[in-house]
2 protein chains.
Amino acid sequence: MDVTIDKPRVEHADCRKVSQVLARVGDKWSVLIVMQLAEGELRFSEIKRRVNGISQRMLTLTLRGLERDGLVTRTIYPTVPPRVDYALSELGHSLCRPVMALGQWALAHVDQIDTARERFDRASAAR
Amino acid sequence: MDVTIDKPRVEHADCRKVSQVLARVGDKWSVLIVMQLAEGELRFSEIKRRVNGISQRMLTLTLRGLERDGLVTRTIYPTVPPRVDYALSELGHSLCRPVMALGQWALAHVDQIDTARERFDRASAAR
DNA sequence: CTGTATCCACTGTGATACTG
DNA sequence: CAGTATCACAGTGGATACAG
């Protein structure tokens, strides 16, 4: 009855799910926004000001995505003009640790990667 | 001479660079391939077999990207038929630690995220 | 101020066929 | 076996205008 001797594989359906999460983390703006929210809640326009280069549209979309995934909470104050605060949920905060670790790695190795790219491109040009 | 009192900000040009690295890590296949290579070198077709669903084209492109960034080494054996081995460089191996950490986080919270999504979608449907 | 609605360009990805 | 070339297509992201 197809009982197989599994090697310690985590490489099947799990990977698919992990990839899905990685896709969120890997999109153009999510991490940048999460980082800004790491230190405390912010208003919509405050995030827009801090995350350099993001369009209003993408900020809205990305925040919706983060909210949907339960990483960010959204608080609306029914004032006029409207005011909306965004904050990291507990889940969102827990994500910070591994993301920061990756960020540290990136920061530590960016130069190495850059030189690797230059070398590769020069080698390619001289094909 | 515009000396400003800097708060401990790492949030300027650094972030751009980090994002660039994150884009590599966040693309659809890079992490999956790096994970496969974590345990040892593999041939092109071996990777293709292990990374379920990847097309030949995307495998080639992703491997080239990883090689360009200095994360993967490429060894060609001038035999016929040709044989090419891919392996993680030292830099590539060092990337494994933070990536695995993120992977562990993803694995640990996938369920939580899934339920959050369902809740959000149900709430949206009932608007 | 905080969004939503359009439109459009670009990029990433997959399918397929071909080559050394 | 290990690619490259070509095409077609969907998704992402930016600009702009508009709305509550």
In whole Å, I'd like the distance from the [atom1] atom of [X] to the [atom2] atom of [N].
X       : N      : atom1 : atom2 : value
A:Asn52 : D:dG14 : CG    : C1'   : 15 Å
B:Arg49 : D:dC1  : CZ    : C1'   : 11 Å
A:Lys48 : D:dG14 : NZ    : P     : 11 Å

Once you round to the nearest 0.5 Å, how far does [atom1] of [X] lie from [atom2] of [Y]?
X        : Y       : atom1 : atom2 : answer
B:Ile47  : B:Thr60 : CD1   : OG1   : 10.0 Å
B:Thr62  : B:Arg24 : OG1   : CZ    : 7.0 Å
A:Arg49  : A:Arg43 : CZ    : CZ    : 9.0 Å
A:Leu102 : B:Leu95 : CG    : CG    : 6.5 Å

Interface residues of residues 55-82 of chain A with DNA chain C (non-hydrogen, below 4.0 angstrom): A:Gln56, A:Arg57, A:Thr60, A:Arg64, A:Arg74, A:Pro81, A:Pro82
Over 12 foreign heavy atoms within 6.0 Å of CZ, B:Arg97: no
Heavy-atom neighbours of A:Glu46 CD exceed 12 at 6.0 Å: yes
Side chain proximity check, B:Leu37 to B:His93, heavy atoms < 4.5 angstrom: no
Nucleotide interval of DNA chain C bounded by contacts with chain B (heavy-atom cut-off, under 4.0 Å): C:dT13 to C:dG20
Residues A:Val31, B:Ser19; criterion side-chain contact (heavy atoms from CB on, under 4.5 Å); working and verdict: CA-CA 8 Å; A:Val31 167; B:Ser19 288; over 6 Å; no
